[in-house]
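Each remark here refers to the structure printed beneath this line.
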Amino acid sequence: SGSTGSALLLSPRAVAGVGAVVNGSFDPGKAVAYPASVSEAILAKIGPAPPRPAGGARYDASVTWAERVLREYVLPELTPDVVINWLTEPDPSQHHVGVGSPESRAALRHDDAEIARVLESLEDLGLADRTDVLVASDHGFSTNTGGVDVTRALVEAGLKAAPGSADVILASSGQAVALHVRDRDGERIARIARFVQSRDWGGVVFSAGRAPGEANGVAPGTFALDLIHAASAERGADLLITFPWTSAPNVHGVPGTDLACVSGGARLYASDHGSLSPWNVRNTLFAWGPGFKQATTVPVAAGNVDVTPTILTLLGLDGDAGAGLDGRVLAEALVNGPDPEQVAQETRVHTVEAGGYRAAVQISIVAGRRYVDKAWRAA
């Protein structure tokens, strides 16, 4: 029930008939899935998806349509081994009216009811006793308390020629901004980093690593992009900047505030994501079914990157569980897995200084995998 582009990224070969991907907005009323045979079957059995809402309205109807397709067609007729079921709410409602708002809580209740119907369908199909279910969110949320026009600030400081110039290109995810500098000009990269560090809206800054495995970046007072798994020689940013965050609660009592980039006329949402505050980095992961321990809280660091190898293990594909994947099997959550309290976890805090500027990044390491806990500008 989310965006069409992201749906295709989750199953890119479905267009060629490898697996299937469903989204009611591919070509509304005409194509709601790939391959074409799946789309035709869904339109004949369920009908087209409702129109996408406008003006910040909730996407409950889109979720309901997608879940009906899952219950009445995908599970009984496609009989898949694995389903990725994307409920796009409460992301839109939390963006538009705020995390913890009555509207976003209502969207969560709607999601809960739809998930309950899916579980009932598994019971009816005789699949419940051999189906494992994981519920994960892709990020947390925090409340925006203000906007920063980073492009304008760089132009006024003489670090970018004009708002639309290509010497420095900005790509914002709301509470973080990636900067691509023409020819990867090291001197300009360092100047921009110093400028951001001098602003009260400047948070933690990342640049290319000084050397493989080093925590510090080449620009003074920055951390290495690789420390947070954001380095890419081909497509990676030259600088990644975040904003200062707090743990203060919003009007709905939900902790976590931040700033967001509003360059290029970008909208300042009520709440957002993208930063390295713990309120964004910490996300949701529940799991239940025959493969998982019951009534157990696992305090060991984990991430969404671990979901795939864990699913492969649950499917009995143990030989493939670690092949070429960045994540690890969440064995401590599995039946007959190790006691979570006996899983070794190391926490490290890296710091940088540049003049009066100081910042820190906290990471946790489990089984050789590095998880980013949070990053903050020190007072």
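Summarising the geometry, atom CD belonging to Glu114 is positioned 8.5 Å from atom CG belonging to Asp60; distances are rounded to the nearest 0.5 Å. Separation of atoms CD (Glu187) and CD1 (Ile192) is listed at 9.5 Å; rounding is to 0.5 Å. The CD atom of Glu103 lies 11.0 Å from the CD atom of Gln94; values are rounded to the nearest 0.5 Å. To the nearest 0.5 angstrom, Asn280 atom CG is 8.5 Å from Phe141 atom CZ. Between the CZ atom in Arg188 and the CG atom in Asp238 there is a gap of 11.0 Å [rounded to 0.5 Å]. Here the CD1-CD distance, from Ile42 to Glu72, works out to 11.5 Å after rounding to the nearest 0.5 Å.
Within 6.0 Å of the CG atom in Asp339, the count of heavy atoms belonging to other residues, nucleotides or ligands exceeds 12. Within 6.0 Å of atom CD in Gln294, 12 or fewer heavy atoms from other residues, nucleotides or ligands are found, so the atom counts as exposed in its surroundings. Heavy atoms of other residues, nucleotides or ligands lying less than 6.0 angstrom from CG of Asp326 number 12 at most. Other residues, nucleotides and ligands contribute only 12 or fewer heavy atoms inside 6.0 Å of the CG atom of Asp81. Within 6.0 Å of CZ in Arg105 there are 12 or fewer heavy atoms belonging to other residues, nucleotides or ligands. Residue-environment remark: CZ (Arg235) stays at or below the threshold of 12 foreign heavy atoms within 6.0 Å.
Taking every heavy atom of both residues into account, Ala208 and Leu225 meet most closely at N-CD1, 3.9 Å. The two residues Ala224 and Glu214 come nearest to each other via the heavy atoms CB-O, 3.4 Å. Across all non-hydrogen atoms, the minimal contact from Val63 to Ser1 is CG2-OG, 3.7 Å. Between Gly202 and Pro244 the shortest heavy-atom distance is O-CG, 3.6 Å. Between Pro309 and Val305, the closest heavy-atom pair is CD-O, 3.5 Å. The minimum heavy-atom distance linking Thr143 with Ser271 is given by the pair CA-CB, 3.9 Å.
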Inset, instruction - Begin from the C-alpha positions of Ile241 and Val205 and carry the test side chain to side chain contact (heavy atoms under 4.5 Å, CB included) through to its verdict. - result: CA-CA 5 Å; Ile241 67 173; Val205 186; 3.9 Å; yes
Legend entry - From CA spacing to verdict: side chain to side chain contact (heavy atoms under 4.5 Å, CB included), Arg267, His96: CA-CA 10 Å; Arg267 175 177 181 173; His96 288 281; 3.2 Å; yes
Inset, instruction - Might you work through the side chain to side chain contact (heavy atoms under 4.5 Å, CB included) test for Leu134 and Phe286, ending with a clear yes or no? - result: CA-CA 6 Å; Leu134 295 93; Phe286 295 104; over 6 Å; no
Inset, instruction - Run the numbers on Arg194 and Tyr357 for side chain to side chain contact (heavy atoms under 4.5 Å, CB included), then give the verdict. - result: CA-CA 9 Å; Arg194 287 196 300 270; Tyr357 171 88; over 6 Å; no
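Here Arg71 does not pair with Glu67 in a salt bridge; the nearest charged N to carboxylate O distance is not below 4.0 Å.
Counting only distance, with no hydrogens or angles, the side chain of Asp149 and the backbone of Val262 share no donor-acceptor pair below 3.5 Å.
Side chains of Asn23 and Thr4: no donor on one and acceptor on the other come within 3.5 Å. When only modelled atom types and interatomic distance are considered, Thr242 and Ser275 share no side-chain donor-acceptor pair under 3.5 Å.
Hydrophobic clustering (ILVMFWY, side-chain heavy atoms < 4.5 Å, transitive): Leu87 and Leu70 are in one cluster. Val69 and Leu75 fall within the same hydrophobic cluster, where Ile, Leu, Val, Met, Phe, Trp and Tyr residues are linked whenever their side-chain heavy atoms come under 4.5 Å apart, directly or through other members. When the side chains of ILVMFWY residues are joined at heavy-atom separations under 4.5 Å, either directly or via intervening members, Val150 and Leu268 end up in two distinct hydrophobic clusters.
The ring pair (Phe, Tyr, Trp, His ring centres under 6.0 Å) analysis of residues 33-75, with sequence neighbours excluded, yields the pairs Phe26-Tyr34.
Val97 belongs to no hydrophobic cluster with other residues, because no ILVMFWY side-chain heavy atom falls under 4.5 Å from its own, directly or through intermediates.
Using the six-membered ring where Trp is involved, His139 and His273 have ring planes that are parallel, under 30° apart on the 30 and 60° scheme.
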